[in-house]
Structures are given as C-alpha cells and as structure tokens.
Trainee: 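If you scroll down you'll find the structure; I have some questions about it.
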Amino acid sequence: MINSFVISDPEKTSVSEIILSVRVNDLKIGWQTKPISNLIMIKGVRGYSWLYWSDGTKQMMAYTIKHYADQLPINDFIRVHQNCIINRNFVQKTQLTHRGPLLRLATGAEITISRRRWTMVKKELHHLYIGGPGNS
C-alpha cells in the first residue's frame, strides 16, 4: 500500500521540525500535498475516507480510516468513533447531552462520540469538558 503521508523536508532530523503532509487528489486541481495541521477530521465510509480541511474543502480518498489512524500523530488526533477521527486543535468543547456525548468543532459541526470511547475522549480533552445531565 502506498504511504499517503509525506515528510516535507527529509533533511530535518528532529521530529518537531518535520511537518507531515497528506497527498490528496482534487478533481479540479489534481494531486496536491496538504499539511495535516489543516486537517479537521476524517470520516470513514465503506472502505473510503472523507478528509475535511480547514479551508472548507473535503476530499474522498480510497483508504480506510484505519490507514490514517495508524499514521496520524496521536498528540494531535483522537479517534472518537469507529468511523471518525478528529484533530484536537479544532475541538471547542465536549459535552454529555440527552442525545449522548458530543464534540463541538470550531467549524460549528457537532460530532457524536461513541459511548465506548466517551471515557477516553473526556479524559484526553478534560479541559474542554462541559458537564451535562447528571454531570458525569
């Protein structure tokens, strides 16, 4: 399988100096490289992945969500559902509502957190948690 992540400058030796990017295919522009710092979230749909970017664009890629989950830096990305990975830098708040646990992103989107992952997500993003019913 082709690695979709590329290192912007292979001469850099420190991990903090390496900027990871992902190659995506835009039908209008063609293949391009985008930094993952601009990646808001990845949603998996039947063996494909939708990549949502901070500039409002999205691209469908022929890789599973697991392909991306195994390669993304764990300090910046968190898997909140079987079919959704979120960039922590775009999360505004987490909360427990009557509909279940939710994340609110900087874009205004609300993402459902799976019940099985709720405890882990709440712990990882504790500084953004707003208590809900029962304040759990």
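By convention here, the first residue in the shown sequence is residue 1. Treat the numbers as computed from the prediction; the structure is a model and nothing was measured.
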Trainee: Hey, could you give me the CD/CD1 distance between E124 and I86, rounded to the nearest 0.5 Å?
Mentor: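 Here the rounded value is 14.0 Å.
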Trainee: If you define the side chain from C-beta out and look only at heavy atoms, does anything of L102 sit under 4.5 Å from T94?
Mentor: no
Trainee: State plainly whether one hydrophobic cluster holds both W53 and F77, where clusters connect Ile, Leu, Val, Met, Phe, Trp and Tyr through side-chain heavy atoms under 4.5 angstrom apart.
Mentor: yes
Trainee: Hey, what do you get for NE2 (H67) to CG (L72), rounding to the nearest 0.5 Å?
Mentor: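 These two atoms lie 9.0 Å from each other.
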Trainee: Using 0.5 Å steps for rounding, measure from the CG atom of N83 to the OG1 atom of T64.
Mentor: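 Going from CG on N83 over to OG1 on T64, the span is 12.5 Å.
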Trainee: Determine which pairs satisfy salt bridge (charged side-chain N to carboxylate O under 4.0 Å, His left out) with at least one residue from residues 109-118, sequence neighbours left out, and list them in order.
Mentor: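 Of all non-adjacent pairs touching residues 109-118, those that pass salt bridge (charged side-chain N to carboxylate O under 4.0 Å, His left out) are R99-E110, R104-E110.
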Trainee: Report yes if the side chains of K122 and I113 come closer than 4.5 Å at any heavy-atom pair, otherwise no.
Mentor: no
Trainee: Measuring from Q59:CD to I42:CD1, what's the distance to the nearest 0.5 Å?
Mentor: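 With rounding to 0.5 Å, CD (Q59) is 11.5 Å from CD1 (I42).
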Trainee: To the nearest 0.5 Å, tell me how far K123 NZ sits from W118 CH2.
Mentor: 14.5 Å
Trainee: Might you point out which heavy atoms bring A69 and R79 nearest each other, and give the distance in Å?
Mentor: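 In this case the closest contact between A69 and R79 is CB-NH1, 3.9 Å.
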Trainee: Among the clusters formed by ILVMFWY side chains lying less than 4.5 Å apart, do L39 and W31 turn up in the same one?
Mentor: yes
Trainee: Got V45 and W50 here, is their nearest side-chain heavy-atom distance under 4.5 Å?
Mentor: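 The answer is yes; the side chains approach within 4.5 Å.
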Trainee: Between H81 and T112, what is the shortest heavy-atom contact and its length?
Mentor: CD2-O, 3.9 Å
Trainee: Within a strict 4.5 Å, meaning less than it, do heavy atoms of the I36 and P73 side chains meet?
Mentor: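 I36 reaches P73 side chain to side chain.
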Trainee: Cluster question for you: counting only ILVMFWY and a side-chain heavy-atom cut-off of under 4.5 Å, with indirect links fine, are I111 and Y52 together?
Mentor: yes
Trainee: Among residues at least two apart in sequence or on other chains, which ones pass side-chain hydrogen bond (donor to acceptor under 3.5 Å, both in side chains) with N38?
Mentor: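 side-chain hydrogen bond (donor to acceptor under 3.5 Å, both in side chains) check on N38 returns nothing, list empty.
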Trainee: Among residues two or more places apart or on two chains, list those pairs meeting salt bridge (charged side-chain N to carboxylate O under 4.0 Å, His left out) that have a residue in residues 32-61.
Mentor: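 Found K34-D55.
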Trainee: About how many Å separate OG of S54 and CZ of F90, when rounded to the nearest 0.5 Å?
Mentor: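 Answer rounded to 0.5 Å: 4.5 Å.
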Trainee: May I ask you to test the M41-C84 pair for a side-chain heavy-atom distance under 4.5 Å?
Mentor: yes
Trainee: Do I40 and N87 touch side chain to side chain, with heavy atoms closer than 4.5 Å?
Mentor: no
Trainee: Show every salt bridge (charged side-chain N to carboxylate O under 4.0 Å, His left out) that has at least one partner inside residues 60-78, sequence neighbours left out.
Mentor: K66-D70
Trainee: Looking at every non-hydrogen atom in both residues, tell me the closest pair between I65 and G44 and how far apart they are.
Mentor: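 For I65 versus G44, the nearest heavy atoms are CD1-N, 3.7 Å.
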